[in-house]
Amino acid sequence: MAAGLTAQGRYFDGASARPHPVTVSLTDRLAVSGPGISRDWNLLDLRATETVPPLTRVGAAGEAARVEFSDEALAAALAARCPDLYRRESRGGTLRLVLWSVAAGLSVLLVAVFGVPVLARLAVPLVPDAAETRLGRAVEEQVVRLLNEPPLCTDPAGRAVLDALVARLAGAAPDLPRDVAVSVRRNGLANALTLPGARIVVLSDLIAKARSADEFAGVLAHEFGHAALRDPTRSLIQASATSFLLSLVLGDLTGSTVIVAVGQAALSAGYSREAERAADAYAVALMNRVGGNGAALAAILERIARDEGEDDLAFLRSHPFTRERAAAIRAQAGPEAEAKRILSEAEWASLRAICGPDAAKPEKSRRRRPGSDARP
Ligand SMILES: [Zn+2]
């Protein structure tokens, strides 16, 4: 006789993980009752979920509430009376599920590839100043870590010249979001990075590679351009959103992908050709305005491209448009620019020694990380 089987069990309401002790009774329906709980399920609606025997866990299809019990007689009786208890999705259902998963994955990829750049562009003006400042600090920490903590260069005389140069450029620079913070770190990469919140990190080999103050100032002015056009914030939103979406597809939701991607993007992902052209144009106009040689930027870009090209093709691969950029810079600067000097020779000598007297010469054995490139 199957009527009137009863067992003790635990009821989960589907909203919280808290088990409620209940009595489970099987008649022509399945009744679940306990303090404050009274359920009465139609046997045709019942579905079991995967459990380790002797535990049985059942609930009505389409409902989150479940009851579980370990009484094997009740489980057997239930299985005998509920034709659909262990029904799995039919083959068609499984296939449909797989297709839906693939479609969802593809749509996330499409959003990552086509939607994210557009969304990043739209999102940038909405990022509050305070958030951008915090983002900049966090990214700088990450970048410094990725570069193996290169020491800050703080020689007082060099720092004073740099501060005056930064103030002079900033005084004539339009659209800067806020005060620019420029730091110099001793590192064998000829690079300058603009991070969100107008934070510019200069790596000392850039100063060593510069043959004049105007070359260095030109790169600095170019980075001011990126800051004014808010390229770093846009590219970081893009990189983190893309890797966030990819981590959804690939199932890695630890967040580590996102953090690493943000740091990597700040270090090595080049901006678009349009962004570089715009920053170049900004730099030349700014150098002209403060009485420097705007054409010097073209010279240092060509030198970095050439020197990097001797070791590996990293820079040339990510900047295949150096020649075109150099021509545009020289045309905009005009022929009279070449004669202008932004600093005196003495000031430039002090600035070159900002990392100490020996750092002014290019390092012989430069430790370059593979995949990292110069991106002024
Ligand atoms: Zn650039």
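- Using modelled atom types, no side-chain atom of Arg10 and backbone atom of Pro19 make a donor-acceptor pair closer than 3.5 Å.
- For the pair Leu189/Leu147, a side-chain contact is recorded, criterion being any heavy-atom separation below 4.5 Å from C-beta on.
- Within the 4.5 Å cutoff, the side chain of Asp231 has no heavy atoms near those of the Thr194 side chain.
- Here Glu347 contributes atom CD and Ile342 contributes atom CD1; the two are 10.0 Å apart, rounded to the nearest 0.5 Å.
- Residues Arg273 and Arg325 are not in side-chain contact: their nearest non-hydrogen atoms beyond the backbone lie 4.5 Å or more apart.
- In this structure a side-chain-to-backbone donor-acceptor pair under 3.5 Å is present from Arg29 to Asp40.
- Between the Thr23 side chain and the Gln8 main chain, no donor and acceptor come within less than 3.5 Å of each other.
- Judged by distance alone, the side chain of Asp214 and the main-chain N or O of Gly292 form no donor-acceptor pair under 3.5 Å.
- In this structure the side chain of Asn187 never reaches within 4.5 angstrom of the side chain of Asp205, judged on heavy atoms.
- Here Asp45 pairs with nothing under the salt bridge (charged side-chain N to carboxylate O under 4.0 Å, His left out) rule; sequence neighbours left out.
- The CD atom of Gln142 sits 12.0 Å away from the CD atom of Glu140 when rounded to the nearest 0.5 Å.
- By the rule that hydrophobic residues join a cluster once side-chain heavy atoms approach within less than 4.5 Å of another member, Phe12 and Leu78 end up as members of separate clusters.
- Across all non-hydrogen atoms, the minimal contact from Arg289 to Ala172 is NH1-O, 2.5 Å.
- Using a distance-only test at 3.5 Å, with no hydrogens or angles considered, no donor-acceptor pair links the side chain of Tyr11 to the main chain of Ser38.
- Interatomic distance, His222 NE2 to Leu286 CG, rounded to the nearest 0.5 Å: 12.5 Å.
- Formation of a donor-acceptor pair under 3.5 Å by the Arg185 side chain with backbone atoms of Val201 is not found in this model.
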- Evaluate side-chain contact (heavy atoms from CB on, under 4.5 Å) for Leu169 paired with Met287, printing each intermediate quantity in order. CA-CA 8 Å; Leu169 288 171; Met287 288 294 282; 4.3 Å; yes
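- Considering all non-hydrogen atoms of both residues, Ala221 and Ala283 come closest at C-CB, 3.6 Å.
- Annotation: the span from Asp71 atom CG to Thr56 atom OG1 amounts to 8.5 Å, rounded to 0.5 Å.
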- Item | Verdict with reasoning, Glu324 to Arg277, per salt bridge (Lys or Arg N to Asp or Glu O under 4.0 Å) | CA-CA 9 Å; Glu324 170 197 327; Arg277 259 202 225 115; 2.9 Å; yes
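- The side-chain heavy atoms of Phe216 and Leu343, taken from C-beta on, include no pair separated by under 4.5 Å.
- Proximity of a side-chain donor or acceptor of Arg66 to a complementary backbone N or O of Glu63 within less than 3.5 Å is detected.
- Across every non-hydrogen atom of Ser204 and Cys355, the tightest pair is CB-SG, 3.6 Å.
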- Evaluate side-chain contact (heavy atoms from CB on, under 4.5 Å) for Glu276 paired with His226, printing each intermediate quantity in order. CA-CA 8 Å; Glu276 293 301 342; His226 282 311; 3.3 Å; yes
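- The main-chain N or O of Val290 is found under 3.5 Å from a side-chain atom of Arg168 such that the two form a donor-acceptor pair.
- Side-chain contact check for Arg137 versus Leu195: every heavy-atom pair is 4.5 Å or farther apart.
- Leu26 and Leu55 fall into different hydrophobic clusters, defined by Ile, Leu, Val, Met, Phe, Trp and Tyr side-chain heavy atoms under 4.5 Å apart, directly or through other members.
- Nearest heavy-atom pair across Ala173 and Phe224 is CB-CD2, 4.0 Å.
- Between Ala60 and Leu46 the shortest heavy-atom distance is N-CD2, 4.1 Å.
- Residues Leu301 and Ile329 are in side-chain contact: their nearest non-hydrogen atoms beyond the backbone lie under 4.5 Å apart.
- Contact of the Asn191 side chain with the Leu206 side chain is not registered, since no non-hydrogen atoms from C-beta on lie closer than 4.5 Å.
- A pairwise comparison of heavy atoms in Gly294 and Val284 identifies O-CG2, 3.9 Å as the closest pair.
- The CG atom of Leu5 lies 9.5 Å from the OG atom of Ser25; values are rounded to the nearest 0.5 Å.
- Here His20 contributes atom NE2 and Ser33 contributes atom OG; the two are 13.5 Å apart, rounded to the nearest 0.5 Å.
- Side-chain heavy atoms closer than 4.5 Å link hydrophobic residues (I, L, V, M, F, W, Y) into clusters, and following such links, even through other members, never connects Val144 to Leu152.
- A donor-acceptor contact shorter than 3.5 Å is absent between the side chain of Arg47 and the backbone of Gly62.
- When the side chains of ILVMFWY residues are joined at heavy-atom separations under 4.5 Å, either directly or via intervening members, Leu220 and Leu176 end up in a single hydrophobic cluster.
- Hydrophobic cluster membership is shared by Phe69 and Leu85, with clusters built from Ile, Leu, Val, Met, Phe, Trp and Tyr side chains linked at under 4.5 angstrom.
- A donor-acceptor contact shorter than 3.5 Å is absent between the side chain of Arg341 and the backbone of Ala213.
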- Query: Given Val219 and Leu297, is the side-chain contact (heavy atoms from CB on, under 4.5 Å) satisfied, shown in steps?
  - Reply: CA-CA 6 Å; Val219 173; Leu297 175 61; 4.0 Å; yes
